[in-house]
Amino acid sequence: MTFAGEVAVEPIGVLFVCLGNICRSPMAEGLMLDRIRSLGVGEGFRVESAGTAAYHTGELADRRTREVLEARGIHLTSRSRQIRTEDFEVFDWILAMDHANVRDLRERCPPAHLHKVRLALEPTTGRAVVDPYYGGADGFSVNEAELDAALDGWLERWLDP
Ligand code: 4NP
C-alpha cells in the first residue's frame, strides 16, 4: 500500500495451503480477500492459495466451498495449483491447514524461509482445520467458522502490530 509522497512498500504476501487446494485453502483465500477489501487495505496484500498435491490442478474450488463463499457474496474464481519452490520466496506467510500440510511444506521449504510456514489457526486454537472433503456440508461450516476467527487474529497482527 503506498500513499503520495511515501516510499513504495511491498504488499504482505499470504499463501494459504491445504492438500488439494479445492476445499480449505481456497475458502481461506476467499474469506481473506473479502476482509481486506472491506477494510480498504486490499492493495496492501497479495493473497493466494495452493495445494501440497497436484490432484486437482486447474479446477475451481469444490462446490461446497464455493457455496459457503457465495452465501457471503464472495465469488471466488481461483483455480487449484500445487505449491512451487518460488512461493517460499515470494510469500511472507505460508499458512497451512493441518499438520500434514506443515510437514509437507517444511520438507520442500528452503531453510531460510522455514519461519514462514505456520498453522492457519495459530492465532486462535492452534489446531488443524480438518479436511472436509469426504464429509458433508457441516465440515465446511466448521472450517468457515474456524477460519473466520483466525483470519481476524492474523489481520490484527499484521495491521496493528
Ligand atoms: P483440501 O481437501 O485439501 O481442503 O482441498 C481435499 C481435496 C481433495 C482431496 C483431499 C482433500 N483428494 O483426496 O482429492
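Because only heavy atoms are used, hydrogens play no part in the values below, and waters and symmetry mates are left out as well, while side chains stay in. None of these values were measured; they are calculated from a predicted model. Both counts, for ligands and for their atoms, begin at 1 and track the order of listing.
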* Kindly confirm or rule out an N or O of Gly20 lying under 3.5 angstrom from an N or O of ligand 1. => yes

* Using side chain to side chain contact (heavy atoms under 4.5 Å, CB included) as the criterion, list what pairs up with Asp34, not counting sequence neighbours. => Ser38, Ile74

* To do: With sequence neighbours left out, write down each residue that passes side chain to side chain contact (heavy atoms under 4.5 Å, CB included) with Glu89, or none if nothing qualifies.
  => His113

* List every atom of ligand 1 that sits less than 4.0 Å from any heavy atom of Ile22, numbering the atoms from 1 in the order shown and giving each element. => 5 (O), 7 (C), 8 (C)

* Atoms of ligand 1, numbered as shown, that sit under 4.0 Å from any heavy atom of Tyr134 -> 13 (O)

* So is there a nitrogen or oxygen of Ser25 less than 3.5 Å from a nitrogen or oxygen in ligand 1? -> no

* **Between Asn101 and Asp98: side-chain donor-acceptor atoms closer than 3.5 Å** => yes

* **Location of contacts on Asp131 toward ligand 1, heavy atoms closer than 4.0 Å** => side chain

* Look at Arg81 together with Asp87 and state whether they make a salt bridge at an N to O cut-off of under 4.0 Å. => yes

* Structure fact -> The protein heavy atom nearest to atom 4 (O) of ligand 1 is Arg24 NE, 2.7 Å

* Asked: How about Arg108: does its CZ atom have over 12 heavy atoms from other parts shown lying under 6.0 Å from it?
  -> yes

* **Any side-chain heavy-atom pair of Trp93 and Leu15 under 4.5 Å** => no

* Heavy-atom distance to atom 7 (C) of ligand 1: which of Tyr55, Phe140, Tyr133 wins? -> Tyr133

* Asked: Taking both backbone and side-chain atoms of Cys18, is any N or O found less than 3.5 Å from an N or O belonging to ligand 1?
  -> no

* Asked: With no hydrogens and no angle check, do the side chains of Ser78 and Glu29 hold a donor and an acceptor under 3.5 Å apart?
  -> yes

* Answer with yes or no whether Met27 contacts ligand 1, where contact means a heavy atom under 4.0 Å from a ligand atom. => no

* To do: May I ask you to identify, for His56, whether its side chain, its backbone, both or neither come under 4.0 Å of ligand 1 on a heavy-atom basis?
  => side chain

* For Arg106, look at atom CZ and say whether over 12 heavy atoms of other residues, nucleotides or ligands are found less than 6.0 Å away. => no

* Structure fact -> Short version for Asp62: what comes under 4.0 Å of ligand 1, heavy atoms counted, is neither

